[in-house]
Amino acid sequence: MPKKKFYVVWNGRKKGIFTSWNTCKKQIDGFEGAEYKSFASLDDAEIAFSKTFKDYKGVNTKTPTLSTADKAKYGKPILESISVDAACAGNPGKMEYRGVLTHNKQQIFIKGPFTKGTNNIGEFLALVHGIALLKSKNKEEIPIYSDSKIAMSWIKQKKCKTNLHFDASNRDLLELIKRAEKWLRENTFKNPILKWETKAWGEIPADFGRK
């Protein structure tokens, strides 16, 4: 059974919160400058309707906001850490990745854009880059946050298990992956690789803000 959604129309034939897509569609179809978005809970929809469309442009609203009690179950992120993330325009597409200090979002490395990459590859490379950087600075107690379960599993397997096709246009990316895998095979590390809990803490500090 599909999950119930709530549709906020900020600008349409009728403004308000609607509980069916068909009703929402009647307000926005053919309406110039229509502003609308779906939400996973009525509470989130009501909060959104009290604000403006601009406040939610590019924001993922598919997951309901957790209650204060639910957020407390996740605790708080360790601020003395680094966070990594990747962005990809297309799949495959132009990909880049970076790492930042979690507590203040200060960028400590960025690579790309690479041609014909994927988000998962970027997340994997970002983790390896962060691990290697901390090891070189003898900071193996510092945790690294990622919001990608796939990339974290690839780190455990010491293998970028992508099905991406490589050719002359993205050969540099393939070489970078090979170097990252080689580093994982030949080195050990102690840094905890932790999951960034987006539902409780919001977007990871390294997020490129392009959603």
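Below, each value reflects all heavy atoms present in this structure, side chains not excepted, and no hydrogens, waters or symmetry copies. Keep in mind that this is a model prediction, so the values were computed, not measured.
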(request) Under the side-chain contact (heavy atoms from CB on, under 4.5 Å) rule, what do W10 and K37 come out as? Steps first, then yes or no, please. (result) CA-CA 9 Å; W10 288 274; K37 213 166 184 68; 3.8 Å; yes
(message) Could you check whether any side-chain N or O of R98 sits under 3.5 Å from a backbone N or O of D207, counting only pairs where one atom can act as donor and the other as acceptor?
(response) yes
(message) Restricting to side chain to side chain contact (heavy atoms under 4.5 Å, CB included), what partner residues turn up for P143, sequence neighbours left out?
(response) I78, S81, P192, L194
(message) With a 4.5 Å cut-off on side-chain heavy-atom distances among I, L, V, M, F, W and Y, is there a chain of contacts connecting L176 to V84?
(response) yes
(request) Please list, chain by chain and in numerical order, all residues satisfying side chain to side chain contact (heavy atoms under 4.5 Å, CB included) with K161, sequence neighbours excluded. (result) W154, Q157, K159
(request) Specify the closest pair of heavy atoms between T102 and L79, including all atoms of both residues, with the distance to one decimal. (result) CB-O, 3.7 Å
(message) To the closest 0.5 Å, what do you measure between CD1 (I131) and CD1 (I144)?
(response) 4.5 Å
(message) Less than 4.5 Å apart, side chain to side chain, heavy atoms only: is that true for F208 and E96?
(response) yes
Please tabulate, for the side chains in residues 12-20, all donor-acceptor contacts under 3.5 angstrom to protein atoms that are two or more places apart in sequence or on a different chain.
unit_1, atom_1, unit_2, atom_2, d
R13, NH1, K26, O, 2.8
R13, NH1, D29, O, 2.8
R13, NH2, D29, O, 2.7
S20, OG, T23, N, 3.1
S20, OG, T23, OG1, 2.7

(message) What's the separation between atom CG in D147 and atom CH2 in W201, rounded to the nearest 0.5 Å?
(response) 11.5 Å
(request) Determine, step by step, whether T115 and S169 satisfy the side chain to side chain donor-acceptor pair (under 3.5 Å) criterion, reporting the C-alpha distance in whole Å, the side-chain angles of both residues, the deciding distance to 0.1 Å, and the verdict. (result) CA-CA 7 Å; T115 304; S169 65; over 6 Å; no
(message) If you define the side chain from C-beta out and look only at heavy atoms, does anything of C160 sit under 4.5 Å from E181?
(response) yes
(request) Measure the spacing between CZ of F124 and CE of M152 and express it to the nearest 0.5 Å. (result) 13.5 Å
(request) Following the transitive rule for hydrophobic clusters with a side-chain heavy-atom cut-off under 4.5 Å over Ile, Leu, Val, Met, Phe, Trp and Tyr, establish whether Y145 and F189 coincide in one cluster. (result) no
(request) Evaluate the side-chain proximity of V128 to L184: yes if any heavy-atom separation is below 4.5 Å, no if none is. (result) yes
(request) Please report the closest heavy-atom contact between C88 and G117, naming both atoms and the distance. (result) SG-O, 3.3 Å
(request) Answer whether the closest heavy-atom distance between the side chains of Y56 and K51 falls below 4.5 Å. (result) yes
(request) Go through the structure and list residues passing ring pair (Phe, Tyr, Trp, His ring centres under 6.0 Å) with F31, not counting sequence neighbours. (result) none
(request) For E32, check salt bridge (Lys or Arg N to Asp or Glu O under 4.0 Å) against everything at least two apart and list the hits. (result) none
(request) List the atom of V8, the atom of A48, and the distance in Å for their closest heavy-atom pair. (result) CG2-CB, 4.4 Å
(request) Mind checking salt bridge (Lys or Arg N to Asp or Glu O under 4.0 Å) for K54 and listing every partner two or more places apart, or none if nothing turns up? (result) none
(request) Examine I193 and I150 and state if one hydrophobic cluster contains both, with Ile, Leu, Val, Met, Phe, Trp and Tyr joined whenever side-chain heavy atoms are less than 4.5 Å apart. (result) yes
(request) Any chance you could lay out the side-chain contact (heavy atoms from CB on, under 4.5 Å) test for I28 and V9, step after step, and finish with the verdict? (result) CA-CA 8 Å; I28 59 172; V9 177; 4.2 Å; yes
(message) Are F53 and Y36 an aromatic pair, judged by ring center distance below 6.0 Å?
(response) no
(request) Could I get the full list of ring pair (Phe, Tyr, Trp, His ring centres under 6.0 Å) partners for Y97, not counting sequence neighbours? (result) H129
(request) Can you measure from OG (S146) to NZ (K195) and round to the nearest 0.5 angstrom? (result) 7.5 Å
(message) Would the distance check show the side chain of N11 and the main-chain N or O of G33 forming a donor-acceptor pair, the cut-off being under 3.5 Å?
(response) yes
(message) Whether the side chain of N187 engages the backbone of W183 through a donor-acceptor N/O pair (distance < 3.5 Å, no angle test) should be reported.
(response) yes
(message) I'd like to know whether L125 forms a side-chain contact (heavy atoms from CB on, under 4.5 Å) with L173, so could you lay out the CA-CA distance, the side-chain angles of the two residues, the decisive distance to 0.1 Å, and finally the verdict.
(response) CA-CA 10 Å; L125 292 173; L173 185 56; 3.8 Å; yes
(message) Considering only residues two or more places apart or on different chains, which pairs with a residue in residues 105-129 satisfy salt bridge (Lys or Arg N to Asp or Glu O under 4.0 Å)?
(response) K116-D167
(message) Working to the nearest 0.5 angstrom, can you tell me the gap between N191 CG and I82 CD1?
(response) 7.5 Å
(message) Assigning hydrophobic clusters by single linkage (Ile, Leu, Val, Met, Phe, Trp, Tyr; side-chain heavy-atom cutoff under 4.5 Å), is I204 placed with F109?
(response) no
(request) Please say whether more than 12 non-hydrogen atoms of neighbouring residues, nucleotides or ligands are located less than 6.0 Å from CD in E80. (result) no
(request) Taking all non-hydrogen atoms of both residues into account, name the closest pair between A86 and G122 and its distance. (result) CB-C, 3.5 Å
(message) Suppose we screen for salt bridge (Lys or Arg N to Asp or Glu O under 4.0 Å). Which residues come up paired with K182, at least two apart in sequence or across chains?
(response) E186
(request) Measure the spacing between CE of M95 and CG of N119 and express it to the nearest 0.5 Å. (result) 8.5 Å
(message) Can you list everything that forms a ring pair (Phe, Tyr, Trp, His ring centres under 6.0 Å) with F166? Sequence neighbours excluded, please.
(response) none
(request) Taking ring pair (Phe, Tyr, Trp, His ring centres under 6.0 Å) as the test, write out the residues that go with W21, two or more places apart. (result) Y7
Show which side-chain atoms of residues 132-142 pair as donor or acceptor with protein atoms under 3.5 Å away, not counting sequence neighbours.
unit_1, atom_1, unit_2, atom_2, d
K135, NZ, T188, O, 2.8
S136, OG, L133, O, 2.6
E140, OE1, K190, N, 3.2

(request) Please tell me if the side chains of L164 and L174 come closer than 4.5 Å, counting only heavy atoms from C-beta onward. (result) no
